[in-house]
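Inspection log for the structure reproduced underneath, given as structure tokens.
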Amino acid sequence: MTEQKLNVEDLINYSRQNCPQDNMDACATAVRLIRAGDLMLSSSRKIIEQLRLTPAEFDTLATLRKMGAPYKLTPSELCRANLLSSGGLTKILIHLEQQGFISRQTHESDKRSRIVALTDTGKHLIEEVMATVLRDQEERLSSIYSAEERQELNRLLRKFHLASSYLPNQASNES
């Protein structure tokens, strides 16, 4: 076999030929979904890193921005939104605060807690980075799918995610 990475369809075909599994259709779908997500994330990660942010820092700033004005959340809310541990988030927040992208303010009703707020500098940066990432994703998707195909893809993915949120084994994994 060559050192060149196999494309997803080759991997699926090898699996169909060499693995006597009953659920190869499910395997093919899962592999395609995972590889598509990896490709989208890889492209975005390159843009994010060129702008000197880590993916976790991007996610943190983007979460603050997406939640809308006044662009403030507690660290617990950020952890839940970004699927980070509190220890991992603390390191990210320290770095973002040192760069002037966020501020941490004492919580009005709970003096032990702090609120994370997006600064004007952070808001400007994340809007610029998000616009660049979304432009790249739009170019990629529109070069592959027609408008109708994208609507159908979104409908099917939405259906998958809505159904997945109700699966019994998901509830125990998310707690």
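Throughout, residue positions are numbered sequentially from 1 according to the sequence presented. Being a predicted model, the structure only gives us computed values, none of them experimental. Side chains are part of it too, since the values below use all heavy atoms of this structure and drop only hydrogens, waters and symmetry mates.
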### Task
In sequence, state the C-alpha distance, the side-chain angles, and the governing distance for Val129 and Leu61, and then conclude on side-chain contact (heavy atoms from CB on, under 4.5 Å).
CA-CA 10 Å; Val129 176; Leu61 294 173; over 6 Å; no
### Summary
In this structure, OH of Tyr71 is separated from CD1 of Ile126 (nearest 0.5 Å) by 12.5 Å
### Query
Which value, rounded to the nearest 0.5 Å, describes the distance between Ile102 atom CD1 and Thr121 atom OG1?
12.5 Å
### Query
Rounded to the nearest 0.5 Å, how far apart are NZ of Lys46 and CG of Leu41?
12.0 Å
### Met67 with Leu118, same ILVMFWY side-chain cluster at under 4.5 Å
yes
### Message
Can you tell me which residue among Leu96, Leu73, Thr60, Leu93 is in a side-chain contact (heavy atoms from CB on, under 4.5 Å) with Val116?
### Response
Leu93
### Backbone of Arg140 reached by a side-chain donor or acceptor of Ser143 within 3.5 Å
yes
### Query
Is any NZ, NE, NH1 or NH2 atom of the basic residue among Arg135 and Glu138 found under 4.0 Å from an Asp or Glu carboxylate oxygen of the other?
no
### Task
Determine, step by step, whether Met40 and Leu141 satisfy the side-chain contact (heavy atoms from CB on, under 4.5 Å) criterion, reporting the C-alpha distance in whole Å, the side-chain angles of both residues, the deciding distance to 0.1 Å, and the verdict.
CA-CA 10 Å; Met40 295 297 285; Leu141 292 169; 4.1 Å; yes
#### Entry: Main-chain N/O of Gly100 paired to Thr119 side chain as donor or acceptor, under 3.5 Å
yes
### Task
Before giving the answer on side-chain contact (heavy atoms from CB on, under 4.5 Å), spell out for Leu157 and Leu33 the whole-Å C-alpha distance, their side-chain angles and the decisive distance to 0.1 Å.
CA-CA 10 Å; Leu157 291 171; Leu33 282 169; 3.7 Å; yes
### Task
Verify, without hydrogens or angle tests, whether Glu128 (side chain) and Leu125 (backbone) share a donor-acceptor contact under 3.5 angstrom.
no
### Summary
Sorted by chain and number, sequence neighbours left out, salt bridge (charged side-chain N to carboxylate O under 4.0 Å, His left out) with Lys123 holds for Glu127
### Message
Among Gln99, Gln98, Glu97, which residue satisfies the side-chain contact (heavy atoms from CB on, under 4.5 Å) criterion with Phe101?
### Response
Gln99
### Task
Would you indicate whether the side-chain heavy atoms of Gln137 and Ser44 approach each other to under 4.5 Å?
yes
Show the atom names and distances, to 0.1 Å, of all donor-acceptor pairs under 3.5 Å that link a side chain in residues 48-59 to residues at least two apart or in another chain.
| unit_1 | atom_1 | unit_2 | atom_2 | d |
| --- | --- | --- | --- | --- |
| Thr54 | OG1 | Glu57 | N | 3.0 |
| Glu57 | OE1 | Thr54 | N | 3.0 |
| Glu57 | OE2 | His95 | ND1 | 2.4 |

### Task
Treat each ILVMFWY residue as a node, draw an edge where side-chain heavy atoms are under 4.5 Å apart, and state whether Ile115 and Leu89 are in one component.
no
### Side chain to side chain, Arg150 and Ser142, heavy atoms closer than 4.5 Å
yes
### Query
Who are the side-chain hydrogen bond (donor to acceptor under 3.5 Å, both in side chains) partners of Ser103, not counting sequence neighbours?
Gln105
